[in-house]
2 protein chains.
Amino acid sequence: MAASTLAEVAKLAGVSPATASRVLNGSARTPGAGIAERVRKAAESLGYVPNLQAQALAKSSTGLIGLIVHDIADPYFSAIARGVQEAAHQKRRMVLLATTDGTPAGEKEAAAAFAARRADAIVIAGSRSHRAEDAAANQDLAAELERYCRNGGRLGVVGQGIIGLPEIDGYSTLPVPNEELARQLATELAAGHDGPFVIAAGPDGLATSDERVRGFQRGLADAGRPAAEVLHAAFNRDGGFDAGSRLAARLRAESARPCIFAGNDVMAIGVAAALRGDGLSVPEDAALAGFDDIEWLRDLQPELSTVGLPLEDIGRQVTLGALLDSGADPDGAASAGISGTVRLRRSTARA
Amino acid sequence: MAASTLAEVAKLAGVSPATASRVLNGSARTPGAGIAERVRKAAESLGYVPNLQAQALAKSSTGLIGLIVHDIADPYFSAIARGVQEAAHQKRRMVLLATTDGTPAGEKEAAAAFAARRADAIVIAGSRSHRAEDAAANQDLAAELERYCRNGGRLGVVGQGIIGLPEIDGYSTLPVPNEELARQLATELAAGHDGPFVIAAGPDGLATSDERVRGFQRGLADAGRPAAEVLHAAFNRDGGFDAGSRLAARLRAESARPCIFAGNDVMAIGVAAALRGDGLSVPEDAALAGFDDIEWLRDLQPELSTVGLPLEDIGRQVTLGALLDSGADPDGAASAGISGTVRLRRSTARA
DNA sequence: AGCAAATGGGAATGCGCTTTCCATCAATCC
DNA sequence: GGATTGATGGAAAGCGCATTCCCATTTGCT
């Protein structure tokens with residue numbers, strides 16, 4: 001009942017396994033037309049399906065790309081995943097998925113699993129964490145990845161590099177200018193908003209969030225504005241809701257109309273929901289901006305001011321970059337780096 | 001530079017590969033404590049990472065689950081993917097991802113790739129297509145999957161069964177009561193809406209869409225209402241926008257306030273955007289309902305009336321179901337089947 | 001015609017691991 | 001005390017395939 005093998009096909013066609021292999025899978029040498037036809041026919045009649053596992057073992061290249069994300073249902077990650085998938089398909093590879101809930105320990109586990117499967121490349125899309133409690137796991141992760149790269153694996157990371165991982169062959173990072181973009185956002189917002197600024201950020205130590213906060217504060221400083229108060233919460237919708245709730249209570253007490261910068265779009269959604277739940281509305285009672293410009297959130301009302309990031313492209317580029325022949329430095333292709341765009345919409349319109 | 005092998009570990013530990021295998025990978029037989037310790041130490045010092053490909057080849061079980069979706073960035077699919085991923089993790093498997101853009105041809109290709117990799121199970125989440133132009137591809141798909149199952153593969157499908165695939169060992173379907181839920185939705189909407197109904201559906205022949213349309217119409221009929229006009233468009237946000245645009249033109253001409261049922265939530269988003277672009281608003285100028293209750297869209301304004309589907313659970317159950325030991329019928333676990341809930345919100349409030 | 005060079009196919013080896021099947025040795029029994 | 005278990009480690013045979021040699025033909029040339 002098991003699938004038929006190359007050997008069976010060869011026998012049926014009356015040739016050697018070597019020949020069968022040569023005709024069925026693209027080899028440098030192509031057997032004669034007559035033989036090829038016989039083999040193909042035999043394969044067809046047996047319903048032969050080549051065993052890629054065995055192929056991989058024989059030629060030590062699996063055609064697998066491991067993708068590590070925090071949560072595949074988060075639109076930020078699923079957009080990147082789409083890009084990765086596209087690039088993988090283009091390069092005739094399959095993508096292997098792992099989710100980590102954002103813990104370095106989970107990333108380490110996933111990396112180990114990918115290494116064990118001898119994935120040709122690993123792509124990591126989640127944010128780094130500088131939190132003290134993650135230090136040990138970060139070290140494990142770095143060690144695991146270093147070994148992976150030393151063994152010939154290729155690694156592409158979105159945004160910041162892996163903490164503690166030295167520059168090593170096969171390891172590449174796709175920088176995302178979070179800080180600079182957040183600075184630009186702050187600059188533009190400062191020009192149109194007189195009140196105070198508040199930041200609904202992710203956990204302290206989450207690199208992506210930290211970068212955005214830092215950039216935003218710098219933008220405010222450049223504009224001669226006082227630093228924004230920073231509220232820390234989970235880096236997702238619920239975290240935003242949480243921060244929004246805390247904020248709402250104060251908003252009704254204070255008179256100033258603040259401008260809230262949420263660390264990412266889904267947090268912004270949460271903030272908006274919390275405010276609305278408290279009878280406050282955007283942009284009347286508070287201006288609100290996010291980050292990422294998530295596709296599904298563009299139809300939200302009021303339209304969310306945010307920073308557009310080419311997420312799909314990020315996924316594509318980091319994958320292609322990782323797959324690049326180890327040879328020359330990655331100045332090939334249109335790897336002009338990632339850039340984003342500040343998009344001011346109604347959620348930060350003047351009251 | 002290549003990764004070290006079991007044989008190397010064995011040699012370093014001064015034991016046979018067999019023994020090394022037994023201690024490093026869970027075997028029925030466990031070597032003595034002293035030996036085990038030596039082997040473990042050797043593995044550690046060599047940075048040994050077992051080659052799962054080779055393992056898979058040797059014991060003919062890959063620990064892989066293939067997941068086929070239309071588009072991983074679509075929140076409907078990414079929610080299901082999360083469930084699949086969870087179940088896979090729980091069962092110590094990894095998930096292999098493939099996207100198809102909704103064509104049976106793409107699904108066939110993906111299924112073939114998974115079969116070639118000898119995935120333990122394949123999970124298909126996309127909708128079937130009954131379109132005439134897809135008939136040939138459907139047949140190919142069914143043939144591919146039938147062969148896969150015959151060779152011992154396991155297959156789980158969300159919603160409708162694969163067209164042309166006979167009941168066969170290893171093949172299971174997780175029914176989703178689209179029709180019944182759509183009927184309920186229509187019933188409830190009919191009770192609160194006096195005007196005409198319009199359906200913004202997916203392409204004619206797309207099973208999921210067809211089921212929902214059919215159920216909705218039946219609900220209307222049961223309530224003694226005339227059948228709704230059906231507008232066909234792509235089964236995504238842009239399709240909704242398209243349908244919405246066509247509708248908007250007429251709305252301003254006609255006087256009646258219609259209730260629009262979009263085939264899924266993202267289509268509903270598109271419809272809403274189109275209407276808004278034409279200066280029409282929901283629910284004042286038209287009531288609007290969707291289907292799926294996508295998590296990210298719950299914070300939309302006005303809140304969308306829809307049918308809640310436990311997407312993550314669907315992913316989990318179909319995966320677990322597919323993985324089930326071929327033995328007894330799946331009456332184990334809490335596989336009580338999938339059910340949904342009609343959730344009326346402000347988008348269909350009385351004008 | 002005679003030889004070198006290409007060409008086309010097969011035998012054999014190995015990829016890294018699991019898993020019988022043996023051989024060994026100590027513990028146990030009558 | 002010798003025979004019988006039972007446990008334990010090793011040898012070897014695959015798992016399904018790619019690939020390197022190697023040999024027998026052809027082909028091309030002088």
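Residue numbers begin at 1 in each chain, while the letters A, B, ... track the order of the sequences. Note that the structure is predicted; figures quoted are calculated from it, not measured.
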Peer 1: Look at the side chain of Tyr171(A) and the backbone N and O of Ile162(A), then say whether any donor-acceptor pair between them is shorter than 3.5 Å.
Peer 2: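 Yes: the side chain of Tyr171(A) pairs with the backbone of Ile162(A).
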Peer 1: So what does Thr5(B) hit on the nucleic acid, given a heavy-atom distance under 4.0 Å: a base, only sugar-phosphate, or nothing?
Peer 2: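 Here Thr5(B) touches the backbone only, sparing every base.
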Peer 1: Using whole Å, what does the distance between atom P of nucleotide dA18(D) and atom CG of Leu57(A) come to?
Peer 2: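 Checked: the CG to P distance equals 11 Å.
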Peer 1: Quick check against the 3.5 Å criterion: does Asn138(A) have a side-chain atom that pairs as donor or acceptor with the backbone of His130(A)?
Peer 2: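 Not confirmed, Asn138(A) side chain does not pair with His130(A) backbone.
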Peer 1: Using a cut-off of strictly less than 4.0 Å between a heavy atom of the residue and any atom of DNA chain D, enumerate the qualifying residues of residues 40-52 of chain A by number.
Peer 2: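 When residues 40-52 of chain A is checked for heavy atoms under 4.0 Å from DNA chain D, the hits, listed by number, are Tyr48(A), Pro50(A), Asn51(A).
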Peer 1: Using salt bridge (Lys or Arg N to Asp or Glu O under 4.0 Å), reason through Glu44(B) and Arg40(B) one step at a time and then give a plain yes or no.
Peer 2: CA-CA 6 Å; Glu44(B) 172 71 21; Arg40(B) 244 183 287 278; over 6 Å; no
Peer 1: Can you list every pair that meets side-chain hydrogen bond (donor to acceptor under 3.5 Å, both in side chains) and has a residue in residues 113-123 of chain B, with sequence neighbours left out?
Peer 2: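 The answer is Thr62(B)-Asp120(B), Arg93(B)-Asp120(B).
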Peer 1: Find the distance Gln55(A):CD to dG14(C):C1' and express it as a whole number of Å.
Peer 2: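 Rounded to the whole Å, the gap is 16 Å.
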Peer 1: If you count every heavy atom of other residues, nucleotides or ligands that lies below 6.0 Å from Gln160(B) atom CD, does the total exceed 12?
Peer 2: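 Above 12, so yes.
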Peer 1: Are more than 12 heavy atoms, taken from residues, nucleotides or ligands other than Glu133(B), located less than 6.0 Å from that residue's CD atom?
Peer 2: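 Result for CD/Glu133(B): enclosed.
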Peer 1: Whole angstroms only, please: what is the CD-P distance between Gln53(B) and dG16(C)?
Peer 2: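 The answer, rounded to whole Å, is 12 Å.
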Peer 1: Side chain of Ala54(A), heavy atoms from C-beta onward: which of dG16(D), dT19(D), dC15(D) has the nearest atom to it?
Peer 2: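 Out of dG16(D), dT19(D), dC15(D), the nucleotide with an atom closest to Ala54(A)'s side chain is dG16(D).
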Peer 1: Under 3.5 Å, side chain of Arg154(B) to main-chain N/O of Leu324(B), donor-acceptor pair present?
Peer 2: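 A pair under 3.5 Å: yes.
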Peer 1: Can Ser16(A) and Thr19(A) be said to form a side-chain hydrogen bond (donor to acceptor under 3.5 Å, both in side chains), step by step?
Peer 2: CA-CA 5 Å; Ser16(A) 78; Thr19(A) 304; 3.2 Å; yes
Peer 1: Between dG10(D) atom C1' and Arg38(B) atom CZ, what is the distance in whole Å?
Peer 2: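 Atom CZ in Arg38(B) sits about 13 Å away from atom C1' in dG10(D).
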Peer 1: Just the rounded figure in Å: distance from P of dC15(C) to CD of Glu8(B).
Peer 2: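 Spelled out: CD on Glu8(B) to P on dC15(C) is 10 Å.
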Peer 1: Starting at atom CG of Asn151(A), determine the distance to atom C1' of dG16(C), rounded to an integer number of angstrom.
Peer 2: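 In whole Å, dG16(C) C1' lies 14 Å from Asn151(A) CG.
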Peer 1: What's the NZ-C1' distance between Lys59(A) and dC15(D), to the nearest Å?
Peer 2: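 Value for this atom pair: 17 Å.
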Peer 1: Return the residues of residues 12-25 of chain B meeting this criterion: a heavy atom under 4.0 Å from some atom of DNA chain C. Order them by number, or give none.
Peer 2: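 Within this stretch, Ala18(B), Ser21(B), Arg22(B), Asn25(B) sit under 4.0 Å of the strand.
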Peer 1: Under 3.5 Å, side-chain donor or acceptor atoms of residues 105-112 of chain A against the rest of the protein: list the pairs with distances, not counting sequence neighbours.
Peer 2:
from, atom 1, to, atom 2, distance (Å)
Glu107(A), OE1, Arg128(A), NH1, 3.1
Glu109(A), OE2, His89(B), NE2, 3.3

Peer 1: Measure CD1/Ile35(B) against C1'/dT24(C) and give the value in whole Å, please.
Peer 2: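 Ile35(B) atom CD1 is separated from dT24(C) atom C1' by 13 Å.
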Peer 1: Would you say Ser21(B)'s side chain and Pro17(B)'s backbone share a donor-acceptor pair under 3.5 angstrom?
Peer 2: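 Checking the backbone N and O of Pro17(B) against the side chain of Ser21(B), no donor-acceptor pair under 3.5 Å is found.
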Peer 1: Could you give the angle between the helix axes at the two ends of the helix from dA1(C)-dT30(D) to dC30(C)-dG1(D), with five pairs per end, rounded to 10 degrees?
Peer 2: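 Comparing the axis at each end, I get an angle of 40°.
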Peer 1: Tyr76(A): which residues meet the ring pair (Phe, Tyr, Trp, His ring centres under 6.0 Å) condition with it, sequence neighbours left out?
Peer 2: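 For Tyr76(A) there are no ring pair (Phe, Tyr, Trp, His ring centres under 6.0 Å) partners, ignoring immediate neighbours.
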